[in-house]
2 protein chains.
Amino acid sequence: MNASMTDHILKGDRSASCDELFKALSDGTRRALLEYLVREGEQSVHALTAISGVSQPMVSRHLGKLKRASLVTARRAGRETYYSARAKGLAPVVQWMAVYGALWSQRFTALEELDAY
Amino acid sequence: MNASMTDHILKGDRSASCDELFKALSDGTRRALLEYLVREGEQSVHALTAISGVSQPMVSRHLGKLKRASLVTARRAGRETYYSARAKGLAPVVQWMAVYGALWSQRFTALEELDAY
DNA sequence: CCCATCGATAACCCGATGATTATGAACGCG
DNA sequence: CGCGTTCATAATCATCGGGTTATCGATGGG
């Protein structure tokens, strides 16, 4: 695609991270995993596999994508890997929504405080 | 995927619309088109093709997906079709962010006012 | 030490999707 | 009417992405 189109507002790697984030969030299974991590806290791959309805390798791959999108972090403990949701991961998307949502309607102004990220 | 996993919080077609929305937003070209519509207002397919960097049929198809995701509306005027960004289209995604962002950190609480949608 | 468990990777299948070119349908204008 | 413009659709292709099974490395427990 034409880069000159987006360079006006979304500068540099901001759009890249948005791309990765939106892609990561665009899959239902991945969102479900993320939602579970948010609600229940740190979980092992094994536990996530048990509730995900897909195979363990698939869970690992989904977690890998979430991790590359900075939406989760991994902690190794023995032979288990514990994943947890990363709070600040959504920030670029929230900012994107703030920018375009704000131009759309004025109900997003509260989000602008997220500049600190 | 296993439906029982998401039924706790995201009920019914809410997750379906989130899926369509996130998928629609997960493509850079589509986001760029949407951003342009938000910034510049109603535009014809011709005008959007000129700035998109992809072929006209591709622009039509992207706009079709954005439309099915309720992110744009189309207005026919003679042989031209004018597309514009649809304000409330982002609402389900914003709500999703509000729910999980709220669980994540407390900085999102202001978003809960969006229940009106 | 052996074996079971856990998680990541590989090989593979197949449907979805982004992109193209070609075509067709509707409309405005001279 | 006839022609160019505008947009949507069809046919096609290549790639991406989600899913599986099989496998392998690492780790802990008996």
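Note on naming: letters A, B, ... go to the chains in the order of the sequence lines (proteins, then strands), and numbering restarts at 1 for each one. All figures in this text were calculated on a predicted structure; none of them were measured in a lab.
Distances shown here put every side-chain N or O of B/S60 at or beyond 4.0 Å from the OP1 or OP2 atom of D/dT6. The side chain of B/Y83 contributes an N or O atom lying less than 4.0 Å from OP1 or OP2 of D/dA8. OP1 and OP2 of C/dT17 both lie 4.0 Å or more from every side-chain N or O belonging to B/H62. In this model, the phosphate group of D/dG18 is approached by a side-chain N or O of A/K65 to a distance below 4.0 Å at OP1 or OP2.
At a threshold of 4.0 angstrom between heavy atoms, the contacts of B/Y82 with the nucleic acid are absent. Residue contacts shown for A/T49 are absent, as no nucleic acid heavy atom lies under 4.0 Å away.
Looking only at side-chain heavy atoms (C-beta outward), B/T73 and B/K67 stay at 4.5 Å or farther from each other. The closest side-chain heavy-atom distance from A/L34 to A/Y83 is not below 4.5 Å. By the 4.5 Å heavy-atom criterion applied to side chains, A/Y100 and B/E35 are counted as neighbours. Using a 4.5 Å heavy-atom cutoff, the side chains of B/L71 and B/L25 are in contact. Considering only heavy atoms from C-beta on, B/L48 comes within 4.5 Å of B/Y36 through its side chain.
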So which protein N/O to nucleotides 20-26 of chain D N/O distances come out below 3.5 Å?
unit_1 : atom_1 : unit_2 : atom_2 : d
D/dT20 : OP2    : A/S55  : N      : 3.0
D/dT20 : OP2    : A/S55  : OG     : 2.9

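As rounded to whole Å, 13 Å separates atom C1' of C/dA26 from atom CD of B/E80. Atom CG of A/L63 is separated from atom P of C/dG7 by 10 Å (rounded to the nearest Å). The CZ-C1' distance, from A/R68 to C/dT9, rounds to 15 Å in whole Å. Going from atom NE2 of B/H46 over to atom P of D/dA8 covers 13 Å, rounded to whole Å. Counting to the nearest Å, the P atom of C/dG7 and the CG atom of A/L48 are 9 Å from each other. As a whole-Å value, the separation of B/K23 NZ from D/dG18 P is 8 Å. Straight-line distance from the CZ atom of B/F22 to the C1' atom of D/dG18: 19 Å, rounded to whole Å. Taking atom CG of residue B/D19 and atom C1' of nucleotide C/dT17, one finds them 15 Å apart after rounding to whole Å.
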Worksheet item: Could you go step by step and tell me if A/L90 and B/M97 meet the side chain to side chain contact (heavy atoms under 4.5 Å, CB included) rule?
Response: CA-CA 8 Å; A/L90 272 184; B/M97 303 261 249; 3.8 Å; yes

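Checking C/dA8, D/dG18, C/dC6 against the side-chain heavy atoms of A/V45 singles out C/dA8 as nearest. Closest approach to the A/R30 side chain among D/dA8, D/dG19, D/dG18 is made by D/dG18 (side chain taken as heavy atoms from C-beta onward).
Counting heavy atoms of neighbouring residues, nucleotides and ligands inside a 6.0 Å radius, atom CZ of B/R75 exceeds 12 of them.
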